[in-house]
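To keep things clear, I will list the structure first and then write my remarks on it.
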Amino acid sequence: MCGIIGIAGTQDAAPQLVEALRRLEYRGYDSAGIATLVEGRIERRRSPGKLTQLDRVLQQKPLGGRTGIGHTRWATHGAPTESNAHPHASRRVALVHNGIIENFRELRSALIAKGHHFESETDTEVAVHLVTDLLDQGLAPVEAAREAVRQLTGAYALAMIFAGHEGLVVGARKGSPLAVGYGDVEAYLGSDAFALAPFTHRVAYLDDGDVVVLHGPKVEIFDSAGQPVQRQIRMTTASAGLVDKAGYRHFMAKEIHEQPEVIAHTLAHYLDPSALVVQLREPEVIEVLRHASRLTISACGTAFYAGLIGKYWFERLARLAVEADVASELRYREPVYPAGGVALFISQSGETADTLAALRDAKASGQTTIAVVNVPESSIAREADIVLPTFAGPEIGVASTKAFTCQLSVLAALAIAAGRARGVIEPDREHALVASLLEIPRHIVEFMTQEETVEALGGDLAKARDVLYLGRGVNFPLAMEGALKLKEISYIHAEGYAAGEMKHGPIALIDENVPVIVLAPHDTWFEKTVSNMQETMARGGKVILISDVAGIAAAGEAAYANIPVPAVDPTFAPLLYAVPVQMLAYYMALAKGTDVDQPRNLAKSVTVE
Ligand code: AGP
């Protein structure tokens, strides 16, 4: 999703702006641009496509200036063209925007009636003309910005610079994240602390409704009532070094391979390996879950599938009633929240607009809110009552991999803790479950030796137009996650189904061209899943069985291909089976030659609804 940077600086701004934008690339974008003040005039350079294209533009037409703004745009209103790329500008103001201005049509009509001429199809441009109009009426820049923001509805983060006002950058936040960076001689605005890390680690996050004014290094923040306020300055842990691919071809490949380490790191936060018990460093969560009347789990995309797997765990291990729904539905469907209920939200970025809105709604309805997040300074982390961190590290590939398995690690530990607290799990069972969880990283390392098998299979299956994924119990949500992973990076149509649902409809799709990926550890339901496999194979379907040695032996020779994985406690199988599923999607995408890390149309952090 769009990324913003603003610099009230003392040195050449253009290289700094581009460096910061490079750190925001992971969010997903399809055009980019920067604007600076050159001898008091607004100058800008923009380009459709990736930053390398903007680099080329800057080589041909370098840009000076020390005060500037920059933007990576993920198109919402209007195609990713140069004229729609940010910054948008008039002779008086240049502006970058993340989010959606909902009342842009009304404002645009009024401004056109006043003689303003629009050059783009974006909602953003309306803010430029609004500020210009207010400046033309005689308002000073900061007042014009504040008045314009007052007139905008929707969710946005904005940063603007003004012709003739060297060193002045004004920002505003409503709904979309915006951070302020405090330097010694400069000040900055950025969509996240990661963008600001090369310049400063002293960062404050704006609240909704805040307007911030940077005058060189001086920072003033005003709340939605226009009152001066202080926002807590934190030292961020974001690394100044660019996260690199460490020799891998893609961030996604690197992140798949990091899983043994980051899962172990996340489990280490929640488990005591000597006593084989869950040891929460957030003890208040135990009381909350002990007395919970119901647990509502919500998230978007991959994080939601982690939540669905969590639902199986909380029900089975803690006998806790769970409702799970995607945040974009939960927030609008007027759910009935019970007294004493707990609502748990899961997010890698901690900025997903729908998840944040659902959290706010649950909180307002009296639920105790828990957030499982990867970015500790994010909006969701700051607004939840209890935060349970994942330790995946920065996830750059748009397709979530290591964040997903770290989310599962936290949910598994939490479900065991809830089971203990609610008297469902005896100490012996807890020891056994914790021991099984602790073995997962080692089993993933062991599975990695199968990578070449998966690579070859990926090349073979990449010709498919449709792919089905089947799983039962905890592996059903993983089947849906597998399908999501494949479609988002390879653009192959894929669906995940509960294995038992096949004959209720999807089996009609089966022919020799449709690979069916079956996720089936040798567990209590294995025989039933094998029957579903047989039904598929009888109709010419190409079954690819992901199972342990016992499962592959029991299924016989019939599968088109097998992906063997180590035997694990079936309760936690999704933590291991996620890896072959991700790897297969990766190698199918690689064979198709798609942009694996930044697939078309997708954004890493979805800060609009
Ligand atoms: C995963 O591969 C996706 N790109 C996407 O579904 C993602 O999981 C979803 O947008 C939620 O993001 P979050 O975890 O940052 O809230």
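Values in this document were obtained by computation on a predicted structure and should not be read as measured data. In each ligand, atom 1 is the first atom listed, and ligand 1 is the first ligand listed.
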task: State, yes or no, whether a side-chain contact exists between His493 and Leu468 at a heavy-atom distance under 4.5 Å.
output: no
query: Between Glu351 and ligand 1, which part of the residue brings a heavy atom under 4.0 Å of the ligand: side chain, backbone, both or neither?
result: neither
task: Could you check atom 7 (C) of ligand 1 against the protein and tell me its nearest heavy-atom contact, residue, atom and distance included?
output: Thr302 N, 4.1 Å
task: Please could you name the atoms of ligand 1 that Lys485 approaches to less than 4.0 Å, counting only its heavy atoms?
output: 1 (C), 2 (O)
task: On the 0 to 90° scale, with breaks at 30° and 60°, tag the Phe391-His265 ring pair as parallel, tilted or perpendicular.
output: perpendicular
task: If you have a sec, work out which protein heavy atom is nearest atom 10 (O) of ligand 1 and how many Å separate them, to one decimal?
output: Val606 CG2, 4.1 Å
- prompt: Does the side chain of Gln367 pick up a donor-acceptor pair with the side chain of Thr296 at under 3.5 Å?
  reply: no
Identified side-chain contact (heavy atoms from CB on, under 4.5 Å) partner of Cys2 from the options Asn98, Val96, Thr124: Asn98
- prompt: Which heavy atom of the protein is the closest neighbour of atom 11 (C) of ligand 1, given with residue, atom name and distance?
  reply: Cys300 O, 3.3 Å
query: For ligand 1, which atoms have a heavy atom of Ser400 less than 4.0 angstrom away?
result: 1 (C), 2 (O)
query: Which residue and non-hydrogen atom of the protein lie closest to atom 2 (O) of ligand 1, and at what distance in Å?
result: Glu488 OE2, 2.3 Å
field: Per-atom contacts, ligand 1 versus Ala399 - under 4.0 Å to a heavy atom
entry: 2 (O)
message: Using the rule side-chain contact (heavy atoms from CB on, under 4.5 Å), only one of Thr390, Val410, Ile297 pairs with Ile346; which is it?
response: Ile297
- line: ligand 1 to Gln348, heavy atom cutoff 4.0 Å, flagged ligand atoms 13 (P), 14 (O), 15 (O), 16 (O)
query: Does any N/O atom on Thr355 come nearer than 3.5 Å to any N/O atom on ligand 1?
result: no
message: To the closest 0.5 Å, what do you measure between CG (Leu437) and CG (Leu575)?
response: 6.5 Å
Salt-bridge contact Arg382-Glu377 (side-chain N to carboxylate O under 4.0 Å): no
message: I'd like to check which ligand 1 atoms, numbered from 1 as shown, lie under 4.0 Å from a non-hydrogen atom of Ala303.
response: 8 (O), 14 (O)
- request: Please assess Asp30 against Arg600 for the test salt bridge (charged side-chain N to carboxylate O under 4.0 Å, His left out), listing each intermediate value before the final yes or no.
  value: CA-CA 9 Å; Asp30 33 40; Arg600 69 184 182 203; over 6 Å; no
- request: Please say whether Val398 places an N or O atom under 3.5 Å from an N or O atom belonging to ligand 1.
  value: yes
- prompt: Counting each atom of ligand 1 from 1 as listed, which ones have a heavy atom of Ser349 under 4.0 Å away?
  reply: 13 (P), 15 (O), 16 (O)
field: Lys485 side chain to Thr302 side chain, donor-acceptor N/O pair below 3.5 angstrom
entry: yes
task: May I ask you to identify the nearest protein heavy atom to atom 12 (O) of ligand 1, giving residue, atom name and distance to one decimal place in Å?
output: Thr352 OG1, 3.5 Å
- prompt: So, Thr122 and Asn84: side-chain donor and acceptor under 3.5 Å apart, yes or no?
  reply: no
message: Using a 4.0 Å cutoff against the non-hydrogen atoms of Gly301, which atoms of ligand 1 qualify?
response: 6 (O)
